[in-house]
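In listed order, ligands and their atoms are each counted from 1. Keep in mind that this is a model prediction, so the values were computed, not measured.
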Amino acid sequence: MERLDKVLANLGYGTRKEVKALVKSGAVEVNGALVKDSGMNIDPEKNQIKVHGEEIKYRKYIYLIMNKPEGVVSATFDNYDETVIDLLDPEYQVFNPFPVGRLDKDTVGLLLITNDGELNHKLISPKWHVDKIYYAEIDKVVNERDIKAFESGIVLDDDYKCMPGKLQIIEADGNGSKVYVTIQEGKFHQVKRMFEALDKKVVYLKRVKFGDIDLDEALEEGEYRELTEEELNKLKDAQCNNWKDNMNKV
Ligand code: URA
């Protein structure tokens, strides 16, 4: 059970004070009856709530997929730069969402945004083995030795040994290389630092897959949409599978 004013405020109907006035004005019905007490307790999952005659769709969590643009930081607040949350409509911002993991300011591509802390935790924890796939452009020729190095676990500049990763070469010539990188961790600047350890530089980085979710190519950079039910289920199922795989290894 939750207070009616809290539920309406969380859904973006204004501050608690504004919501109180809204309820007082006779705009709100609960289970078909006009209510005047904004402090009444309701079950938002079960009770029918109408505002100005329109039934409201209650939900606790939102799940968004964004094609993150360059120049925007993956944070909820920043003193200098625009954040991915600033790009959202107020109707989503009222849910206090946050990005699932981080992409660097200059990295583009698939970013999940939610206010579901539990799902977030599972998705970013390396113990759940969720694959993240990146398309990367590298300044030099990437070769078989690099593939082997990714497989055996690259040691970063701070002596951290990465979990095994997969490197697939799309093309490699005198102008540099285009590759896909699959990793399950999300250390700070991880892909860039993995290539630095091989004396190579990432010049373009785009995340194209997170678990079983593909970047929606119909989304322009900076655009986002809600995950479909199917995508959300895939995300939750993928974790379970990975979790079981992981447990079997223990
Ligand atoms: N690895 C990086 O180096 N940067 C990112 O943004 C994501 C992974």
Side-chain angles (χ1 to χ4, degrees), residues 64-78 80-87 97-114 119-140 142 146-147 149-170 172 176-217 219-224 235 238 242:
L64 305 174
I65 175 171
M66 175 183 280
N67 185 356
K68 179 193 167 297
E70 208 188 323
V72 173
V73 293
S74 306
T76 49
F77 173 79
D78 193 274
Y80 304 102
D81 291 307
E82 196 174 27
T83 71
V84 290
I85 304 303
D86 293 332
L87 300 180
F98 46 83
V100 176
R102 277 168 181 259
L103 290 179
D104 296 336
K105 192 173 161 185
D106 61 352
T107 301
V108 299
L110 198 169
L111 185 69
L112 298 173
I113 297 174
T114 186
L119 183 72
N120 172 61
H121 178 71
K122 288 169 185 168
L123 290 175
I124 61 175
S125 163
K127 94 166 200 273
W128 286 76
H129 288 221
V130 177
D131 281 344
K132 289 115 194 161
I133 305 185
Y134 296 85
Y135 164 80
E137 293 179 4
I138 312 299
D139 67 336
K140 293 182 188 153
V142 172
D146 299 325
I147 294 179
F150 267 74
E151 273 169 8
S152 51
I154 289 179
V155 179
L156 301 180
D157 47 8
D158 57 1
D159 290 335
Y160 174 78
K161 188 170 194 291
C162 298
M163 285 164 57
K166 189 166 144 197
L167 176 60
Q168 287 169 277
I169 301 173
I170 305 167
S177 310
K178 294 179 177 165
V179 299
Y180 284 118
V181 174
T182 306
I183 53 173
Q184 294 175 336
E185 300 165 289
K187 298 264 172 261
F188 187 60
H189 297 326
Q190 182 158 347
V191 175
K192 291 174 186 165
R193 287 163 68 208
M194 287 169 103
F195 279 100
E196 269 162 28
L198 302 171
D199 197 27
K200 297 180 171 72
K201 194 171 167 13
V202 173
V203 292
Y204 177 82
L205 191 60
K206 177 180 185 175
R207 184 156 64 195
V208 294
K209 198 165 175 123
F210 193 118
D212 283 332
I213 308 296
D214 290 297
L215 175 62
D216 182 345
E217 295 293 345
L219 292 175
E220 300 279 337
E221 283 180 17
E223 287 184 344
Y224 62 92
L235 212 51
N242 287 320

Suppose we screen for side chain to side chain contact (heavy atoms under 4.5 Å, CB included). Which residues come up paired with A197, at least two apart in sequence or across chains?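 With sequence neighbours excluded, A197 shows a side chain to side chain contact (heavy atoms under 4.5 Å, CB included) to I154, given in chain and number order.
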Side chain to side chain contact (heavy atoms under 4.5 Å, CB included) partners for E185, two or more places apart: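 Applying side chain to side chain contact (heavy atoms under 4.5 Å, CB included) to E185 gives P126, Y160, C162, M163, K187, Q190.
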Can you confirm whether R193 is buried at CZ, in the sense that more than 12 heavy atoms of other residues, nucleotides or ligands lie under 6.0 Å from that atom?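 Counting neighbours around CZ of R193, more than 12 heavy atoms of other residues, nucleotides or ligands fall under 6.0 Å, so yes.
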Residues around ligand 1, heavy atom under 4.0 Å from any ligand atom, sorted by chain and number. Can you pull those?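 Close residues (ligand 1, cut-off 4.0 Å): L103, D104, T107, Y134, H189, Q190, V191, K192, L205.
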Do Y224 and V84 come close enough that some side-chain heavy atom pair is under 4.5 Å?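 No - every pair of side-chain heavy atoms lies 4.5 Å or more apart.
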Return each pair, listed once, that meets side-chain hydrogen bond (donor to acceptor under 3.5 Å, both in side chains) where at least one residue sits in residues 65-74; pairs must be two or more places apart or across chains.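 For residues 65-74, and leaving out neighbouring residues, there are no side-chain hydrogen bond (donor to acceptor under 3.5 Å, both in side chains) pairs at all.
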Aromatic centroids of F150 and F195 separated by under 6.0 Å: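 They qualify: ring centres under 6.0 Å apart.
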